[in-house]
Amino acid sequence: RPLSREKIEEILDDYGLKLIICDVALPLVDELKRTLAETLEGRRTPLFDRDAVKKLVEQELTLFLLKTLGDSQIDLVEEARKSQKPFKLLFIGVNGVGKTTTIAKVAHMLKENGLSVLLACSDTFRAGAVEQLGQHARALGLPMVFKKYGSDPASVGFEAVHQASRKGVDAVLIDTAGRMHTDINLMDELKKIKRVVEPSYTILVVDALTGNDAWNQAADFSSHVGFDAVILAKFDADVKGGAALSVSFISKKPVIYVGTGQKYSDLKRFNPKEYVSSLMS
Amino acid sequence: SLSERLQNALKFITRQAYVSEKEVAEYLREIQRALIMGDVDVKLVSQLTEEIKKEFKEPREEHGLSLKDRVVYATYQGLIRILGGEKKELRILPHQLNIFVFMGIQGSGKTTSVGKVAYFLKKRNRRVGVISGDVFRPGAADQLRQLLEGTGIPLYVEPLGNSSVEVIKNGVKWAKGLDLEVVLVDTAGRHRSEESLMNEMKQIIDEVNPTAAILVIDAMIGQQARAQAEAFNKVAKVGYVIVTKLDGSAKGGGALSAVASVGAPIVFVGVGEGLEEFEEFDPVKFVSRLLG
Ligand SMILES: Nc1nc2c(ncn2[C@@H]2O[C@H](COP(=O)(O)OP(=O)(O)OP(=O)(O)O)[C@@H](O)[C@H]2O)c(=O)[nH]1
Ligand SMILES: Nc1nc2c(ncn2[C@@H]2O[C@H](COP(=O)(O)OP(=O)(O)OP(=O)(O)O)[C@@H](O)[C@H]2O)c(=O)[nH]1
Ligand SMILES: [Mg+2]
Ligand SMILES: [Mg+2]
């Protein structure tokens, strides 16, 4: 018999709450309920199969979530290999999300795959930023371009790209200072860095523990600066990480990797199917 | 926008001479949405809704307030009650070395907050020092050194080798030797699923026996705040909370949830990266921002 509007809303409210608890942003939960209510209205389920309704809803929900995450699979190693040299990656995001550590992990991954890598510390602002990336560079046996604190961050990026081109380096990874997406001056500074560097990919790093603010971060970084892909760090702290959905939905860009710890090897390809099934469990 | 819808719900309710269940429900629904968008723990949101509903039906005190004011008052009171009421201060005990251990999730703002609290206390003429107890993060000591540059605040750092616990214990001896009133201890970030790190924190607390442990929470943390705070509270009773990055767009509802579950007061909020971008916690300001 056909599903009633009331029954649909009741079921969707339940699933909506589950998703909110997993940190999926409220505007996305609203959109999801609206879309699914339309899809499910009038759909028929077998009269005596209680599980049939649940199965149907979960099926439609899974489709919606997978559609939100998109299916563009970016493999940075492959992209680096086929790219014109140097392959340039710019890392952006708010304060403390895991940019510097993620750069070290990506550098490690590229190096393990036989590529030469140059690091650039375009964070010329935060206390200890140069020392932090510098120690990673030393540990990984990689060169790093840096300037003294207070220098123009865009000039560090420019210098690094120039050096990478001269020396035939395969990839240059550029770190930037954390910044609030609500600070117009800092967003303009980032625009300038991007304009000067002309990255092959700009990567937004988001903290997996972020709640509704992930939506705002993605929206503002997308509109002020623009990015091509997302890496969700600290996924080991929050495996439900609804922020992945919020960010994908508002920016229409894919989450391509997740950070799963503090070691260089703690970087995994993001798997939308696994992620959605873990969310639904 | 959220604040517009809240305003409308409020106008809508107060335009009525008699407020029906339906109108109260509509108002409460808007409050719930505001709190959820602000990342308040879902269980806490429903608990608060019940409290506001009760206050509305059977007010605790006779105010003679208009209906509208009573609604706003009930909403604010419910939230402020969770935060422990009026402002709370960091208590510095006399005639002893006050040891405050800063703990929290990776990247939450501990190191920066250690610098800010040190500077805050120094400006109030406290003899304060800092111990760099994070022996894991690359550049942690440099970060502290640079943050404290020019402040005259003494910093204890050891070259790599000793464990975090050993460094901190040596640092406490150093602080006593300098006859300091307060010493702030920075530690490496950690989260509840990292068992050995949570055990390390337990060991730090047990062997150092601090005056209090301070939990540093990022304003943007979502529904995991409560569980993370409870995990920290298990290994180190949370004495105070600091909420950072309130200069962004995040409302800090997670911090509210954390406070509700561990019962420790928020004493400071971070509103920027600079040492002076630091305020004493104001519950009314925090709640106003949360409600948009
Ligand atoms: N557990 C865990 N910790 C992580 C992960 N990624 C980063 N971290 C930790 O998060 C903290 C902050 O990382 P950073 O790389 O300094 O973050 P950032 O975005 O560069 O910070 P700012 O430059 O200050 O904005 C560090 O303690 C990292 O070790 C992860 O995937 N899992
Ligand atoms: N905008 C803003 N940034 C802040 C605030 N507090 C800290 N930060 C920034 O957040 C980032 C992380 O701060 P840290 O002090 O390194 O965080 P942490 O908790 O010590 O990190 P780990 O030691 O890696 O766990 C840095 O970029 C800080 O400058 C704040 O109140 N506002
Ligand atoms: Mg960094
Ligand atoms: Mg730190």
Side-chain angles (χ1 to χ4, degrees), chain A residues 17 20-27 29-30 94-101 104 125-139 149 177-183 206-217 219-220 233-234 236-243 246 261-262, chain B residues 2 32-34 36-43 45-46 105-112 115 136-149 188-194 197 218-225 227-228 244-245 247-254 257 270 272-273 275:
Chain A
L17 186 61
I20 286 172
I21 291 173
C22 292
D23 284 320
V24 177
L26 193 56
V29 173
D30 290 344
V94 305
N95 304 75
V97 295
K99 298 176 292 299
T100 304
T101 308
F125 171 75
R126 205 210 67 210
V130 178
E131 288 79 0
Q132 183 186 5
L133 190 62
Q135 279 192 36
H136 283 307
R138 260 195 303 286
Y149 287 103
R179 65 201 66 221
M180 285 304 171
H181 48 106
T182 46
D183 187 321
V206 174
D207 187 327
L209 288 156
T210 313
N212 278 262
D213 203 51
W215 175 283
N216 300 329
Q217 290 176 25
D220 290 347
K234 308 180 202 169
D236 48 311
D238 189 352
V239 193
K240 298 291 181 175
S246 314
Q262 298 184 265
Chain B
L2 198 61
Q32 287 186 330
R33 289 181 61 83
I36 288 179
M37 295 251 310
D39 297 315
V40 180
D41 176 274
V42 159
K43 283 206 190 76
V45 172
S46 69
I105 296 173
Q106 287 91 344
S108 59
K110 298 174 292 300
T111 305
T112 307
F136 170 76
R137 174 166 150 157
D142 296 293
Q143 185 179 7
L144 266 180
R145 196 173 283 125
Q146 289 171 25
L147 279 170
L148 297 174
E149 211 161 294
R190 64 203 70 216
H191 59 73
R192 68 182 171 123
S193 313
E194 292 165 327
L197 293 182
D218 193 326
M220 61 169 136
I221 190 171
Q223 295 285 323
Q224 286 294 312
Q228 294 283 351
T244 62
K245 310 182 201 172
D247 49 307
S249 54
K251 299 285 177 354
S257 314
E273 294 191 73
L275 281 192

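Numbered from 1 within each chain, the chains take letters A, B, ... in sequence-line order.
Each of K43(B), R192(B), R145(B), R137(B) has some count of heavy-atom pairs under 4.5 Å with chain A, and the biggest count is that of R137(B). The residue among T182(A), D183(A), D23(A), T100(A) with the most heavy atom pairs within less than 4.5 Å of chain B is D23(A).
Heavy atoms closer than 4.5 Å to chain A are found in both the backbone and the side chain of Q106(B). In this structure, chain B has no heavy atom under 4.5 Å from any part of V130(A). Looking at L133(A), there are no atoms closer than 4.5 Å to chain B (heavy atoms on both sides), in backbone or side chain. Of the atoms belonging to I105(B), it is side-chain heavy atoms, and not backbone ones, that fall under 4.5 Å from chain A. Contact of S249(B) with chain A is made through backbone and side chain together, with heavy-atom distances under 4.5 Å. With a 4.5 Å cut-off on non-hydrogen atoms, E149(B) does not touch chain A at all. Both the backbone and the side chain of D247(B) come within contact range of chain A, judged by heavy atoms closer than 4.5 Å. Looking at D236(A), both its backbone and its side chain come within 4.5 Å of chain B, counting heavy atoms on both sides.
Within the model, atoms CG of N95(A) and NZ of K245(B) stand 6.0 Å from one another, a figure rounded to the nearest 0.5 Å. Separating the CG atom in L26(A) from the CZ atom in R33(B) is a distance of 4.0 Å, to the nearest 0.5 Å. Between the CD atom of Q223(B) and the CG atom of L209(A) there is a distance of 12.0 Å, given to the nearest 0.5 Å. One distance of note links CG of D39(B) with CD1 of I20(A); it measures 11.0 Å at 0.5 Å rounding. We find the NZ-CD distance between K234(A) and Q224(B) to be 13.5 Å, quoted to the nearest 0.5 Å.
Nearest heavy atoms, A237(A) versus Q228(B): O-NE2, 3.7 Å. For R126(A) against Q146(B), the heavy-atom pair with the smallest separation is O-OE1, 4.4 Å. Of all non-hydrogen atoms in A127(A) and L147(B), the two that sit nearest each other are CB-CG, 3.9 Å.
Of the candidates N216(A), V94(A), N212(A), V94(A) is the only one forming a side chain to side chain contact (heavy atoms under 4.5 Å, CB included) with M220(B).
Judged by distance alone, the side chains of H191(B) and D238(A) never bring a donor and an acceptor atom under 3.5 Å apart.
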